[in-house]
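Model, not experiment: these values are computed from the prediction. To find a chain, count down the sequence lines: A is the first, B the second, and so on, and within it residues start at 1.
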Amino acid sequence: MNKYRSHHCNELRKSDVGSKVFLSGWINKKRDHGNLLFIDLRDNYGITQCIIDKENPNFLKIEKIQLETVVKFNGKVINRTEDTINKEIDTGEIEVEIENFETLGVCNELPMPVFTDQEYSEEIRLKYRFLDLRRKKIHENIILRSNVISFIRNEMNKLGFLEFQTPILTSSSPEGARDFLVPSRLNPGKFYALPQAPQQFKQLIMVSGFDKYFQIAPCFRDEDARADRSPGEFYQLDLEMSFVEQEDVFDVVEKLLINTFKKFSRKKLMYEKFPKISYANALLNYGTDKPDLRNPLIINDITEIFKREDVSFEIFKKLVKSGSKVRCIVTKNTKDKPRSFFDNIDKWAKDQGASGLAYFTIEKEKDIYAKGPIGKFFTKDSLEEIMKITQAKIGDSIFLACNTKIELEKITAMARDKIAKDLNLVDENTFAFCWIIDYPMFEKDELTNKIKFSHNPFSMPQGDIDQINFEKPLEILAYQYDIVCNGVELSSGAIRNHIPELMYKLFSIAGYEKKQVNEKFAGMINALSYGAPPHGGIAPGIDRIVMLLANEKNIREVTMFPMNQNAQDLMMNAPSEVNENQLKELNLSLKKTKK
RNA sequence: GGGGGUGUAGCUCAGUUGGUUAGAGCGAUCGCCUGUCACGCGAUAGGUCGAGGGUUCGAGUCCCUUCACUCCCGCCA
């Protein structure tokens with residue numbers, strides 16, 4: 001038995017009544033009745049109520065102890081009377097009668113209270129993160145994170161994956177996000193980069209013959225923060241497998257995620273087998289490549305309707321003639337919704353910078369007709385055609401917008417969320433996973449008009465290699481895939497291109513000469529020339545998985561020591577200035593900045 | 001880099017149309033209280049109203065500039 005505690009603070013029960021114990025923990029709360037004092041003593045495991053009265057010579061001293069002081073109490077476990085039992089806590093049937101005490105860690109006046117349900121500014125929470133982390137909700141989130149990670153690690157081991165560490169100091173790569181750079185003392189003027197992901201290393205592990213690899217890998221990207229994106233660093237379950245096709249990766253990850261989500265959440269899973277949606281269809285039907293499938297609304301293209309003779313909605317017809325498209329969202333059985341419902345959505349769309357959302361409702365008296373401001377422009381036949389394309393029924397309403405493809409995707413995606421919210425269509429108690437597949441290998445940079453890799457330059461293009469038409473690079477699809485859950489992008493992965501000649505070819509389309517590829521991806525391109533197995537993998541984001549499981553909207557709620565939006569650690573004062581000597585050793589000098 | 005929101009006591013917030021000495025709860029300090037579990041009661045201390053400038057007889061409140069935090073866009077192979 002150690003000198004600090006015989007039991008932790010969530011251990012004593014009725015059966016312990018009468019025994020002498022000693023507990024250590026934080027003073028969570030005092031209730032001082034003047035001649036009788038209740039103290040809630042808290043540790044990682046729970047709370048035990050301790051009690052002392054003025055008969056005890058220590059009473060006055062204990063009465064003065066500040067909240068959050070760390071103390072050790074010696075005492076006797078006593079029974080609580082029936083009417084004083086606290087059912088809220090596990091130790092609520094007993095209490096500890098304090099005999100004497102020892103202060104183990106003093107506490108100054110607190111900059112923020114620990115025991116309250118109040119929200120505080122992030123600034124104060126991050127500066128005093130060690131106090132913030134004592135609070136129940138976030139304390140439990142961090143424990144959840146630990147449990148999720150060890151569960152995943154265990155599952156991966158069971159599946160025969162080997163866990164390896166890869167370098168943190170590596171080389172900068174030209175593709176992707178901005179790198180964090182680390183100057184090299186021994187190589188003046190040269191820099192390491194922190195890895196954006198262990199991408200090349202995990203492929204090299206496959207070339208080295210290890211067959212199945214995983215790692216809970218830190219990834220570093222110098223990009224601006226969002227609620228679901230930490231600045232600087234985050235963690236991925238990085239995994240890679242040899243001799244696999246896309247479906248083999250899907251099998252492993254799908255089972256792993258289903259097991260994990262079933263174990264750590266009570267929410268329902270909408271699909272036990274993740275639906276697969278092509279990138280092109282995702283953009284068409286949801287307006288985004290990270291659709292929230294809890295939302296049942298679907299976007300349809302009805303451009304063709306506006307080429308018909310019997311449709312007289314001239315504004316749209318004119319735009320369609322000049323290349324615009326028309327897409328629509330059907331809402332089920334909304335014919336009796338008040339006018340304000342429709343107008344609010346139209347007004348909302350205008351607030352988003354769109355030209356609004358036109359709408360009509362399909363009704364039937366003798367014949368089918370459209371009711372609403374633009375209803376008169378549609379004939380019975382054209383409405384029947386719309387109903388065929390969109391699966392709309394009588395009593396349903398149709399919201400439509402006309403614009404270029406990209407603008408339409410943007411506004412319809414937002415409208416889909418907005419309308420579902422207004423109609424309360426999203427079941428918050430559900431997880432809806434899906435795969436997004438068939439990503440294009442290349443895309444056109446809107447600014448420069450140049451062809452660039454749309455995702456991972458190491459992905460394998462689809463189809464027979466001899467048959468690929470490199471003249472039309474934008475039509476080449478890749479074995480590249482994402483997992484999306486509730487509209488959150490959880491991971492992306494690919495079957496890799498392990499054929500050097502094909503790699504050079506694809507890089508040349510994106511504007512890289514063979515020499516550049518050899519320089520920038522030296523380790524990997526070289527390795528692929530010495531017997532590389534076909535391989536592929538994926539990397540689900542750990543932080544976002546825990547965020548979903550903890551039902552949090554902000555990634556800092558599941559991160560122990562996060563940085564703020566400006567990538568500063570307010571507790572550790574990072575980043576900070578360094579002294580002249582350090583700079584000199586690194587062969588660096590600082591430009592004078594205006595201040 | 002751009003747009004929105006917020007900034008008043010240690011913490012969370014209120015503060016009307018610009019008008020007397022800027023308030024409350026929690027926390028702190030002091031006093032009373034033997035069954036509370038958000039204990040109760042009374043008192044005291046605690047303020048550069050984020051900062052700077054302007055309008056005005058008068059600014060927490062209106063205007064301009066600026067800073068911090070946050071959400072979003074850009075960015076995130």
Side-chain angles (χ1 to χ4, degrees), chain A residues 28-42 47-56 59 63-64 66-68 78 80-89 91-92 95 97 107-128 131-132 173-179 196-197 199-200 219-232 234 351-353 410 414 439 441-443 445-447 452-459 478 480 482 489 492-494 506-507 510 512 520-521 539 541 553-554 556 564-566 568 570 595:
Chain A
N28 192 58
K29 190 75 190 164
K30 286 188 293 184
R31 288 174 296 279
D32 189 351
H33 290 231
N35 295 315
L36 175 72
L37 172 66
F38 297 96
I39 292 180
D40 291 337
L41 193 69
R42 183 195 73 236
I47 282 176
T48 301
Q49 175 166 280
C50 302
I51 182 170
I52 186 167
D53 69 19
K54 67 170 177 197
E55 304 300 318
N56 188 305
F59 182 81
E63 205 183 17
K64 297 283 176 229
Q66 297 272 0
L67 296 183
E68 295 303 314
I78 58 175
R80 292 209 207 181
T81 60
E82 199 60 39
D83 57 322
T84 60
I85 286 173
N86 183 354
K87 290 193 177 115
E88 303 290 312
I89 55 174
T91 59
E95 59 200 6
E97 192 175 42
C107 180
N108 296 335
E109 188 178 341
L110 293 165
M112 56 178 275
V114 171
F115 176 68
T116 82
D117 291 328
Q118 265 178 10
E119 300 284 342
Y120 319 110
S121 72
E122 294 241 21
E123 201 174 354
I124 197 114
R125 291 182 61 194
L126 294 183
K127 183 165 180 192
Y128 298 97
L131 290 178
D132 190 39
S173 79
E175 287 287 321
R178 206 176 288 115
D179 281 319
Q196 295 182 25
Q199 182 62 37
Q200 293 188 62
C219 303
F220 306 90
R221 296 177 192 176
D222 187 3
E223 298 296 338
D224 287 353
R226 288 288 183 279
D228 64 350
R229 201 168 82 199
S230 291
F234 61 97
D351 288 344
Q352 304 307 306
K410 232 183 248 172
M414 286 195 291
Y439 276 82
M441 190 82 215
F442 299 102
E443 64 187 15
D445 190 315
E446 277 184 51
L447 289 175
K452 60 174 195 180
F453 288 108
S454 72
H455 281 76
N456 187 322
F458 307 123
S459 300
Q480 160 95 39
D482 273 19
E489 185 189 320
S492 65
L506 295 169
F507 267 102
Y512 293 88
K520 289 295 181 184
F521 305 101
K553 294 227 163 12
N554 192 305
R556 294 185 294 276
N564 71 7
Q565 195 168 43
N566 293 322
Q568 299 159 338
L570 300 175
K595 225 181 176 178

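Rounded to whole Å, the P atom of B:A38 lies 25 Å from the corresponding atom of B:A43. Between the C1' atoms of B:U61 and B:U17, the separation comes to 10 Å (whole Å). Rounded to whole Å, the C1' atom of B:U8 lies 23 Å from the corresponding atom of B:C71. Here, B:U36 and B:C41 have their C1' atoms 15 Å apart, quoted to the whole Å. Atom name C1', nucleotides B:C11 and B:G46: the rounded distance is 13 Å, in whole Å. Of the C1' atoms belonging to B:A68 and B:G50, the separation is 7 Å, rounded to the nearest Å. If you take atom C1' in B:C57 and the same atom in B:C73, they sit 46 Å apart, rounded to whole Å. B:C49 and B:A22: their P atoms are spaced 11 Å apart (whole Å).
Summarising the geometry, the separation between CD1 on A:I89 and P on B:U36 is reported as 14 Å, rounded to the nearest angstrom. A:F115 has its CZ atom 16 Å from the C1' atom of B:C11, to the nearest Å. In this structure, A:I39 places its CD1 atom 15 Å from C1' of B:G35, rounding to the nearest Å. Across the protein-nucleic acid pair, A:L36 atom CG and B:C41 atom P stand 18 Å apart, rounded to whole Å. Remark: C1' of B:C13 and CD1 of A:I124 are 15 Å apart, rounded to the nearest angstrom. Here the C1' atom of nucleotide B:G3 and the CG atom of A:D224 are 14 Å apart, to the nearest Å. The CG atom of A:N86 sits 10 Å away from the C1' atom of B:U36 (whole-angstrom rounding). For the pair A:D32 CG and B:C37 P, the computed distance is 14 Å after rounding to whole Å.
Residues A:L67 and A:F115 are not in side-chain contact: their nearest non-hydrogen atoms beyond the backbone lie 4.5 Å or more apart. You'll find the side chain of A:Q480 reaches within 4.5 Å of the side chain of A:S459, heavy atoms only.
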Between the protein and nucleotides 67-71 of chain B, which nitrogen or oxygen pairs come in under 3.5 angstrom?
residue : atom : partner : partner atom : Å
B:A68   : O2'  : A:E123  : OE2          : 3.3
B:C69   : OP1  : A:N564  : ND2          : 3.1
B:C69   : OP1  : A:N566  : ND2          : 3.4
B:C69   : OP1  : A:Q568  : OE1          : 3.0
B:C69   : OP2  : A:N566  : ND2          : 2.4
B:U70   : OP1  : A:Q565  : N            : 3.3
B:U70   : OP2  : A:Q565  : N            : 3.1
B:U70   : O3'  : A:R556  : NH2          : 3.3
B:C71   : OP1  : A:N554  : ND2          : 2.7
B:C71   : OP1  : A:R556  : NH2          : 2.6

Show me the protein contacts with nucleotides 5-8 of chain B, counting only N or O atoms at under 3.5 Å.
none

Do any N or O atoms of the protein come closer than 3.5 Å to N or O atoms of nucleotides 25-28 of chain B, and which pairs are they?
none

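Using a 4.0 Å heavy-atom cutoff across all strands shown, A:Y120 reaches sugar-phosphate atoms only and no base atom. Base engagement by A:E95 is indicated by at least one non-hydrogen atom pair under 4.0 Å involving a base atom. Contacts of A:E88 with the nucleic acid, taken as non-hydrogen atoms under 4.0 Å apart, are absent. Note on A:L37: nothing from the nucleic acid sits closer than 4.0 angstrom, heavy atoms only. Across all strands, A:P111 comes closer than 4.0 Å only to sugar-phosphate atoms, never to a base (heavy-atom distances).
In this structure B:A68 sits in a base pair with B:U6, meeting the Watson-Crick or G-U test at under 3.5 Å. For B:A59, there is no paired nucleotide, since no Watson-Crick or G-U wobble pair has both relevant distances below 3.5 Å. Base pairing of B:A24 is made with B:U12, judged by Watson-Crick or G-U wobble geometry with both donor-acceptor distances under 3.5 Å. The pairing partner recorded for B:C30 is B:G42, the criterion being a Watson-Crick or G-U wobble arrangement whose two distances lie under 3.5 angstrom.
A donor-acceptor contact under 3.5 Å is formed by the side chain of A:R80 with the base of B:U36. On a pure distance criterion of 3.5 Å, a polar donor-acceptor pair joins the side chain of A:R229 and the base of B:C76. Not a single donor-acceptor pair, N or O on each side, falls under 3.5 Å between the base of B:G35 and the side chain of A:D83.
Annotation: ring-ring contact (aromatic ring centres under 6.0 Å, His included) contacts of A:F234 (sequence neighbours excluded): none. The side-chain hydrogen bond (donor to acceptor under 3.5 Å, both in side chains) check on A:S121 picks up nothing, with sequence neighbours excluded. A:Q49 meets the side-chain hydrogen bond (donor to acceptor under 3.5 Å, both in side chains) test with A:R31, A:E95; sequence neighbours excluded. Residues passing the side-chain contact (heavy atoms from CB on, under 4.5 Å) test with A:N108: none are found, sequence neighbours excluded. Legend: residues meeting salt bridge (charged side-chain N to carboxylate O under 4.0 Å, His left out) with A:K127, ordered by chain and number and at least two apart, are absent. Applying the side-chain contact (heavy atoms from CB on, under 4.5 Å) criterion to A:E68, with sequence neighbours excluded, gives A:W26, A:N28, A:R42, A:C107, A:L110, A:V114, A:R134. Qualifying side-chain hydrogen bond (donor to acceptor under 3.5 Å, both in side chains) partners for A:Y512, counting only residues two or more places apart in sequence or in other chains: A:E175. Every ring-ring contact (aromatic ring centres under 6.0 Å, His included) that A:F521 has, sequence neighbours left out, goes to A:F458, A:F507. The side-chain hydrogen bond (donor to acceptor under 3.5 Å, both in side chains) check on A:R125 picks up A:D132, A:E557, with sequence neighbours excluded.
Heavy-atom nearest nucleotides on RNA chain B were determined for A:D228 and for A:T81, and the one closer to the 5' end corresponds to A:T81.
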Discussion item. As a quick check of understanding, evaluate side-chain contact (heavy atoms from CB on, under 4.5 Å) for A:M441 and A:F453, giving each step before the final call.
Written reply: CA-CA 6 Å; A:M441 190 82 215; A:F453 288 108; 4.0 Å; yes
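A distance of 12.5 Å separates CD1 of A:I39 from CD1 of A:I47, quoted to the nearest 0.5 Å. The structure places CZ of A:R178 at 10.5 Å from CD of A:Q196, a figure rounded to the nearest 0.5 Å.
The aromatic ring of A:H33 does not sit over the base of B:U36, since the test of centres under 5.5 Å and planes under 30° is not met.
At the phosphate of B:C39, OP1 or OP2 sits under 4.0 Å from a side-chain N or O atom of A:R31.
Counting only N and O atoms by type, the side chains of A:Y439 and A:N456 include no donor and acceptor under 3.5 Å apart.
Distance from the side chain of A:E63 is smallest to B:C33 among B:G31, B:C33, B:U34.
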